[in-house]
Amino acid sequence: MLRSTMTVLAKSSAELSSESVRSLYDKLCVRMKEIGHVHGISGILQWDQEVMMPAKAAESRAEQLSVLAGLSHELDTSPILGSILQELEDRQKAQDLSSELNAYELANIRLSRKFYKEETVYPLELVKAAAALQSKASHAWVEARKESNYAKFAPYLQDQIDLLRKKVRYCMEAGLCEETRKINEKARISLGLKDGEECYKGYYQALLDKYEPGFKEERLQVLFGDLKTNLVPLIAKITEKNFQHDNSAIKGDFDVQKQTEYSHRLSKDIGFDTDCGRLDVSTHPFTGGAHPTDVRMTTRYTINDLQEGITGTIHETGHSLYEQGRSKEYRDLPVSQALSLGIHESQSLLWERMVGLGKPFWTHALPLLKETFPTVERIQNVTLEQFYNAFNRVEPGFIRIEADEVTYPLHVVLRYEIEKALVEGDITVAEVPALWNAKMKEYLGKDVKEDRLGCLQDTHWAFGLIGYFPTYTLGSIYAVQIYSAAKEAIPNLEDHLAKGEFHVLKEWLNENIHKQGSLRESGDELITALTGKPLDASLYVKYLTDKYTKIYDL
């Protein structure tokens with residue numbers, strides 16, 4: 001079998017060497033589109049699991065996803081795909097291909113090569129095990145959260161940690177995680193470890209790079225340290241005022257069906273195309289789906305809190321606009337995909353916070369809200385200024401997705417510190433609840449009494465999404481910088497928003513962020529091209545300080 005396979009590959013390679021660059025590129029596109037479609041099927045199954053799947057179907061869905069992961073892995077690691085990429089790589093070493101392929105096409109080759117190398121690192125058994133674990137762990141998380149019982153989820157979290165460590169080791173052995181290897185090697189020397197002795201230092205860098213390519217974890221430590229230094233005192237100043245804006249207008253009994261109608265209207269006003277997507281409800285809001293023409297967005301509503309459903313919907317609409325706005329010409333290829341999760345999050349946060357928490361937006365949206373709830377006196381009587389202040393209250397709480405924009409980064413810092421310590425072996429899975437609760441007390445002054453409000457509130461760890469959380473706050477920083485650039489580029493932007501002319505901003509983002517996809521190699525490169533400087537946290541701190549100094553008269 002081995003001999004015959006080698007013969008086939010040799011013939012394939014010989015045939016490929018006689019083909020033109022354009023022909024090779026076209027063959028690559030056919031295979032990468034096929035891979036994208038199979039991954040899209042998996043995305044729909046995962047969406048269904050979160051939104052519509054019967055509870056007793058969890059085991060069969062885990063088996064389905066495992067089989068699909070195996071089939072997907074075969075496509076991802078196809079020898080002929082490897083041969084095409086190798087031939088293109090050889091051509092690039094021998095000649096400049098920019099005269100035959102444009103920048104987007106060259107980026108497709110680069111991204112496909114990176115994707116192939118990463119996928120061929122893992123054995124099929126590990127890929128299938130990861131898919132099955134993801135399904136089982138997410139179901140266990142739902143059950144554990146209902147009972148507020150972390151112990152029910154802990155074994156699955158341990159399995160995810162073990163699996164992620166295996167993945168990092170495979171990458172290191174294949175030479176794909178050079179930064180991680182350097183950190184790990186330095187730590188091993190420092191600790192005096194011998195060959196064979198376990199050391200997971202630096203592993204978090206490999207996981208972070210999966211979601212935010214090119215971003216150094218060392219830089220993240222400094223950035224998050226600076227945020228704690230600046231935001232903890234700002235929160236303290238607000239708390240010490242011993243004053244809070246009245247938010248009674250958005251609290252109380254709000255019919256969920258009317259909330260749903262209003263949120264759907266806002267989403268469509270902003271630009272969500274319902275012919276290319278759906279808006280449903282799930283335990284944890286998210287945006288997924290299979291394709292820019294099939295974007296699945298979910299949110300959730302609380303009967304006694306109007307803000308949660310509105311901001312959640314606007315947030316996920318921002319994600320969905322990115323997905324629907326991807327390049328039509330290259331939408332089935334790697335270059336059309338989001339550059340990083342930080343950039344993706346910048347789009348949801350830009351709409352949720354820069355727009356959705358601003359006065360111009362509510363100049364348009366508040367009258368619509370009054371139309372939706374004509375018999376709710378507190379809504380009918382509230383002024384724009386009162387509503388703006390109510391929506392921008394700073395009030396430390398337990399739940400990340402309900403947090404205001406000043407306290408939100410500390411929720412992310414907490415998760416980052418815990419998951420990094422978990423992966424790198426500084427704490428055990430059993431220690432998570434106690435450490436979580438201690439950090440909540442230290443950073444936000446909150447006493448966590450049950451796991452549901454603490455370490456069980458997010459679904460990310462159940463899906464093995466470790467290294468993901470930092471991108472939320474990186475997204476906040478990107479969002480401020482991008483919105484500042486938009487205001488410079490679009491005369492009277494906020495006047496347009498006040499009139500409900502959201503297409504003006506959406507179209508600018510389509511051109512400058514969404515259609516750019518993964519043409520650039522990092523978020524810093526994209527932001528530098530757009531704004532003239534790399535990611536700058538000081539702009540974010542200034543934005544928060546200036547805005548809330550005015551709101552709370554500090």
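Contact of the Val429 side chain with the Leu422 side chain is registered, since non-hydrogen atoms from C-beta on lie closer than 4.5 Å. For the pair Val413/Lys228, a side-chain contact is recorded, criterion being any heavy-atom separation below 4.5 Å from C-beta on. Residues Phe254 and Ile379 are in side-chain contact: their nearest non-hydrogen atoms beyond the backbone lie under 4.5 Å apart. Considering only heavy atoms from C-beta on, Glu316 stays 4.5 Å or farther from Thr298 through its side chain. In this structure, Arg415 and His411 have side chains that are in contact, with non-hydrogen atoms separated by less than 4.5 Å. Side-chain contact check for Pro433 versus Asp451: some heavy-atom pair is nearer than 4.5 Å. At a threshold of 4.5 Å between non-hydrogen side-chain atoms, the residues Ile238 and Tyr548 count as touching. Contact check for Asp246 versus Asn389: no side-chain heavy atoms found under the 4.5 Å cut-off.
Remark: side-chain polar atoms of Glu179 are not paired, donor with acceptor, to backbone N or O of Gly214 under 3.5 angstrom. Between the side chain of Asn492 and the backbone N or O of Asp495 there is no donor-acceptor pair closer than 3.5 Å. A side-chain donor-acceptor contact under 3.5 Å links Thr531 to the backbone of Lys533. Panel note: side chain Glu308, backbone Asp305; no donor-acceptor pair is recorded below 3.5 Å. The backbone N or O of Gly202 lies less than 3.5 Å from a partner atom in the side chain of Thr180, making a donor-acceptor pair. Thr407 places no side-chain N or O within donor-acceptor distance of the main-chain N or O of Ala403, the cut-off being under 3.5 Å. With Glu511 contributing its side chain and Trp508 its backbone, the two residues share no donor-acceptor pair below 3.5 Å. In this structure a side-chain-to-backbone donor-acceptor pair under 3.5 Å is present from Ser522 to Glu525. Although no hydrogens or angles enter the test, the distance criterion places no donor-acceptor pair under 3.5 Å between the side chain of Glu352 and the main chain of Leu357. Looking only at distances, a side-chain donor or acceptor of Ser348 sits under 3.5 Å from a matching main-chain atom of Glu345.
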Practice item. Evaluate the side chain to side chain donor-acceptor pair (under 3.5 Å) criterion for residues Glu218 and Gln205: first the C-alpha distance (whole Å), next the side-chain angles of each, then the deciding distance (0.1 Å), finally the verdict. Key: CA-CA 9 Å; Glu218 182 179 34; Gln205 174 64 64; over 6 Å; no
Point to revise | side chain to side chain donor-acceptor pair (under 3.5 Å) between Tyr200 and Glu198, intermediate numbers included | key: CA-CA 7 Å; Tyr200 306 116; Glu198 291 182 339; 3.0 Å; yes
Practice item. Using the side chain to side chain donor-acceptor pair (under 3.5 Å) rule, take Ser267 and Thr317 through it: C-alpha gap first, then chi angles, then the decisive distance, then the call. Key: CA-CA 6 Å; Ser267 183; Thr317 297; 2.8 Å; yes
Exercise for review: Kindly determine whether His514 and Gln347 satisfy side chain to side chain donor-acceptor pair (under 3.5 Å), including the steps that lead there.
Suggested key: CA-CA 9 Å; His514 307 160; Gln347 299 308 284; 3.0 Å; yes
Exercise for review: Let me see the working for Met297 and Asp280 under side-chain contact (heavy atoms from CB on, under 4.5 Å), right down to the final yes or no.
Suggested key: CA-CA 6 Å; Met297 172 174 36; Asp280 293 277; over 6 Å; no
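Under the 30°/60° scheme for interplanar angles, the aromatic rings of Tyr468 and Tyr211 are found to be tilted. In this structure, Phe469 and Trp461 have perpendicular ring planes: the angle between them is above 60°, well past the 30° mark. Relative orientation of the His344 and His319 rings is tilted, given thresholds of 30° and 60° on the angle between their planes.
A salt bridge links Asp426 to Lys201: at least one charged side-chain nitrogen sits closer than 4.0 Å to a carboxylate oxygen. Note on Arg452 versus Glu450: salt bridge recorded, some NZ/NE/NH1/NH2 to OD/OE distance being below 4.0 Å. Taking a cutoff of 4.0 Å between a charged side-chain nitrogen and a carboxylate oxygen, Glu405 and Lys547 qualify as a salt bridge. In summary, Lys420 and Glu417 do not engage in a salt bridge, as defined by a charged side-chain N under 4.0 Å from a carboxylate O. A salt bridge between Lys146 and Glu143 is present, with a side-chain N of the basic residue lying under 4.0 Å from a carboxylate O of the acidic one. Under a 4.0 Å N-O distance rule, the pair Lys114/Glu118 qualifies as a salt bridge. Here Glu50 does not pair with Arg296 in a salt bridge; the nearest charged N to carboxylate O distance is not below 4.0 Å. No salt bridge links Glu185 with Arg188; every basic N to acidic carboxylate O contact stays at or beyond 4.0 Å.
If you check the side chains of Glu431 and Thr428, you find a donor sitting under 3.5 Å from an acceptor. A donor-acceptor contact closer than 3.5 angstrom is absent between the side chains of Gln134 and Gln160. Donor-acceptor pairing under 3.5 Å is recorded for the side chains of Gln49 and Ser138. If you check the side chains of Asp162 and Gln158, you find a donor sitting under 3.5 Å from an acceptor.
Aromatic pair Trp362/Phe391: ring centres closer than 6.0 Å. Centroid-to-centroid, the aromatic rings of Tyr483 and Tyr543 stay 6.0 Å apart or farther.
Figure legend: cation-pi geometry between Lys241 and Tyr552 absent, as NZ or CZ is not positioned both under 6.0 Å from the six-membered ring centre and within 45° of its axis. A cation-pi arrangement is not found for Arg165 relative to Tyr170, the charged atom failing to lie both closer than 6.0 Å to the ring centre and inside a 45° cone about the ring normal.
Closest of all the heavy-atom pairs between Gly309 and Tyr301 is CA-CD2, 3.7 Å. Taking all atoms of both residues into account, the shortest heavy-atom contact from Ser518 to Leu339 is OG-CA, 3.4 Å. Scanning all heavy atoms of the two residues, the minimum distance from Leu306 to Gln259 falls at CD1-CG, 3.8 Å.
Screening Ile527, Ile482, Leu223, Val541 for a side-chain contact (heavy atoms from CB on, under 4.5 Å) involving Ile477 leaves a single residue, Leu223.
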